2 protein chains.
Amino acid sequence: MTTTMRDVAKAAGVSVATVSHVVNDKPGARIGDDARRRVQEAIVALGYRPNALAKTLSEGSSRFIGLVADAIATTPFAGQIIHGAQDEAWRHGFVLLVANTEGNAAAENDAIAMMLEHQVRGILYSTWYHREIEVPPPLQHTETVLVNCFAGDDSFAAVVPDEEQGGRTATEQLLAAGHRRIAFVNTTSPSPARSGRLAGYRSALEAAGIAGDDALVFEAAPQQEGGYDAAAAVIASGATAVFCHNDRVAMGLYDGLRERGLRIPDDVAVIGFDNQDVIAAHLRPPLSTVALPHYELGAAGVRTLLGLESPATGARQLIACPSVPRESV
Amino acid sequence: MTTTMRDVAKAAGVSVATVSHVVNDKPGARIGDDARRRVQEAIVALGYRPNALAKTLSEGSSRFIGLVADAIATTPFAGQIIHGAQDEAWRHGFVLLVANTEGNAAAENDAIAMMLEHQVRGILYSTWYHREIEVPPPLQHTETVLVNCFAGDDSFAAVVPDEEQGGRTATEQLLAAGHRRIAFVNTTSPSPARSGRLAGYRSALEAAGIAGDDALVFEAAPQQEGGYDAAAAVIASGATAVFCHNDRVAMGLYDGLRERGLRIPDDVAVIGFDNQDVIAAHLRPPLSTVALPHYELGAAGVRTLLGLESPATGARQLIACPSVPRESV
DNA sequence: TTGAAAGCGCTAACAT
DNA sequence: ATGTTAGCGCTTTCAA
């Protein structure tokens, strides 16, 4: 049924070795023009397709890269991690094996086992939000790169977003627009995002010669509801601009501000974080924000897995969070 | 380096055939308790892992299923298609090969070629929104199932959402809440969603003995902006409830309604479509909507590809869009 | 310039 | 009950 190399060889009147050589365009292989042509013709005539599996078996090394995700296909924007990883893998002739585990340890082990059985070159282990993780035991003895997460002792190569730079960038946008009294509505849940963005906020203020004022730092649940509820306090603080921990908080804040008759950005400037498209691009006014570099995280993960990127040893590789200006600042 | 079956056989003092039998728990294979035990011990002692690729090669049939998506990893909720497909594939011992093509024909052909070279059992071809497509030529001679899309002549097995039932369901929610004058803000872009939901809306009204009134059917760009802009006309129509083509339109409508001092659902009830979580669950009030069954589309696609589901021949398989009641009705 | 043949790790008759 | 062996489709020395 499927036509193999042997079929091509027979049709072209040559040996399989010759076919193999022309198919792979082997450098050190002298093939007569005539033979080469006959092989090529036979290939198209028979519709021959190399069997990648047999090739792998024979060569000993596969072209697979595994991506195990805790909920990446479930959550809105983090699917970009898959996308970035897949593009980059592709670019280097690799194929992505994807497994979604929903954070279920059993599923996770199964997924990893399955990938190992498929001889993956290595595994990308990724989470849908940036956090510290316990690396699953089966990964200990496998070429692994953590994406959007990291081991507590940094014993694994990891690629994560630069939260602090992101927080700084956000704050700088507000500063650049002339604001001096800038509030920060942070999340209540401890996380690299929470501390990193706060650090960035502070460092930007400091760099601008503005004394940090803890009365301007608020905490709220990281959804629309949190932002909405924070509105009153933010207004009371006298802030003229507010940096929200994420776009959803910003969206809630919009509601709260609007309800009190405040206009954005005229009365209060707002900047978000995450660049969650469905929201940010379509709020009124469109929300200025800072993007989480999901695509880049996936791509960089693949690169370091393939050894194309040499991260400072043992250190997390930080990926910049770019500013996405729209109309709320 | 990697330990093979032969290593295990040697360690256990048996032949590879025996090892193969115990590893695969072959039904018709009588293996002595003693030998079986020795093999199992050797397996853990050596940390043996079967090579799935060699197995495939030998068996002749692979356990791969390909999923080529036009933008599925890019777009928020449709990542659920991947998720559903992967879960279902997994459930049957299959592995998903994912490729995102961004609608680029060249990338698409490459992706398909690569999958074929990896001996996939078949290919799921999916789009991020429900529509008619031109099936890529290389798929013509391949076991293919279309997911969230369909061929113009229905010459391919396809699994799509039941837009009409969805539209009916949405309208019924409004009807059940006692509304009689129900507006429909449809999208301007021609699509199965546009015509299907409209048909569902009409059929629900008719079933309730309400005469359809074209003055109650509006058209708007399918984003927040469209909903916002439609608010005035909707209000002027005297409708007490409105079914929005999607959640984003509903979100915009919320703004428009609120700006005019109307309260939801007291003054006007609103229902959306898509169940786009970031939005629907967190609007104020939370938006009642109808869900697009992405996960199920992916899962059903895999099932029909594996021949576990027998679709009425040549027909599209319709997946129901369930109602997701929240507080806007 | 080309071919023969020995694997790659595993399965599946077929023997024993 | 267990072992032998011939492939699966391809790569790769090594000869010719």
Side-chain angles (χ1 to χ4, degrees), chain A residues 1-40 42-43 46-64 93 113-114 116-121, chain B residues 1-40 42-43 46-64 93 113-114 116-121:
Chain A
M1 28 218 66
T2 65
T3 94
T4 77
M5 217 157 184
R6 187 151 52 241
D7 301 326
V8 176
K10 185 158 0 143
V14 300
S15 74
V16 294
T18 303
V19 177
S20 174
H21 283 144
V22 350
V23 166
N24 298 299
D25 228 345
K26 276 286 165 176
R30 322 274 78 202
I31 302 286
D33 285 351
D34 187 51
R36 159 170 277 115
R37 199 183 30 70
R38 268 158 33 226
V39 168
Q40 283 161 341
I43 286 180
L46 303 182
Y48 168 72
R49 247 183 227 299
N51 179 328
L53 271 31
K55 179 170 189 173
T56 291
L57 181 58
S58 169
E59 285 177 328
S61 80
S62 97
R63 306 296 282 180
F64 284 122
M114 166 259 121
L116 261 19
E117 291 178 8
H118 281 84
Q119 317 300 113
V120 293
R121 174 76 124 256
Chain B
M1 27 217 62
T2 65
T3 93
T4 78
M5 217 157 182
R6 188 150 55 242
D7 300 326
V8 175
K10 184 151 12 133
V14 300
S15 74
V16 292
T18 304
V19 176
S20 175
H21 283 145
V22 351
V23 166
N24 297 300
D25 229 346
K26 276 286 164 173
R30 320 275 76 203
I31 302 286
D33 286 351
D34 187 52
R36 160 168 277 116
R37 200 184 29 71
R38 270 161 30 229
V39 169
Q40 282 160 342
I43 287 179
L46 303 182
Y48 168 71
R49 249 184 226 298
N51 180 327
L53 271 32
K55 180 171 188 171
T56 291
L57 181 57
S58 171
E59 285 178 329
S61 80
S62 98
R63 307 295 282 179
F64 284 122
M114 168 258 120
L116 261 19
E117 291 179 8
H118 281 84
Q119 316 299 115
V120 293
R121 175 77 123 256

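Note that the structure is predicted; figures quoted are calculated from it, not measured. Below, each value reflects all heavy atoms present in this structure, side chains not excepted, and no hydrogens, waters or symmetry copies. Numbered from 1 within each chain, the chains take letters A, B, ... in sequence-line order.
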Legend entry - Members of residues 4-20 of chain B that approach DNA chain C, where some heavy atom sits under 4.0 Å away: B/T4, B/M5, B/R6, B/A17, B/S20
Inset, instruction - For atom CZ of B/R49, decide whether the heavy atoms of other residues, nucleotides or ligands shown that lie under 6.0 angstrom number more than 12. - result: yes
Legend entry - Between D/dC10 (P) and A/R49 (CZ): distance, integer Å: 12 Å
Inset, instruction - Measure from the side chain of B/T2, starting at C-beta and using heavy atoms only, and say which of D/dG9, C/dG9, C/dC10 lies closest. - result: C/dG9
Legend entry - DNA chain C contacts among residues 50-59 of chain A, heavy-atom distance under 4.0 Å: A/L57, A/S58
Inset, instruction - For residues B/R36 and B/D25, determine if any side-chain heavy atom of one lies less than 4.5 Å from a side-chain heavy atom of the other. - result: yes
Inset, instruction - Have a look at A/H21 and say if it touches a base, only the backbone sugar-phosphate, or nothing, with a 4.0 Å heavy-atom cut-off. - result: base
Inset, instruction - Decide salt bridge (charged side-chain N to carboxylate O under 4.0 Å, His left out) for B/R38 and B/D34; before the verdict, give the C-alpha distance in whole Å, the side-chain angles of both, and the deciding distance to 0.1 Å. - result: CA-CA 6 Å; B/R38 270 161 30 229; B/D34 187 52; 2.6 Å; yes
Legend entry - Shortest non-hydrogen contact between B/A42 and B/A11, atoms and distance: CB-CB, 4.0 Å
Legend entry - Pairwise side-chain contact, A/F64 with B/L53, heavy-atom cut-off 4.5 Å (strictly under): yes
Inset, instruction - Heavy atoms only: give me the nearest B/T3-B/L46 pair and the separation to one decimal. - result: CG2-O, 3.4 Å
Inset, instruction - Quick one: closest heavy-atom pair of A/Q119 and B/P50, and the distance? - result: OE1-O, 4.3 Å
Inset, instruction - To the nearest Å, give me how far apart CD (A/Q119) and C1' (C/dC8) are. - result: 11 Å
Legend entry - Main-chain N/O of A/V16 paired to A/S20 side chain as donor or acceptor, under 3.5 Å: no
Legend entry - Atom pair distance, as rounded to whole Å: CG in B/N24 and C1' in D/dT2: 16 Å
Inset, instruction - Return no unless some side-chain N or O of A/K26 is found under 4.0 Å from OP1 or OP2 of D/dT12. - result: yes
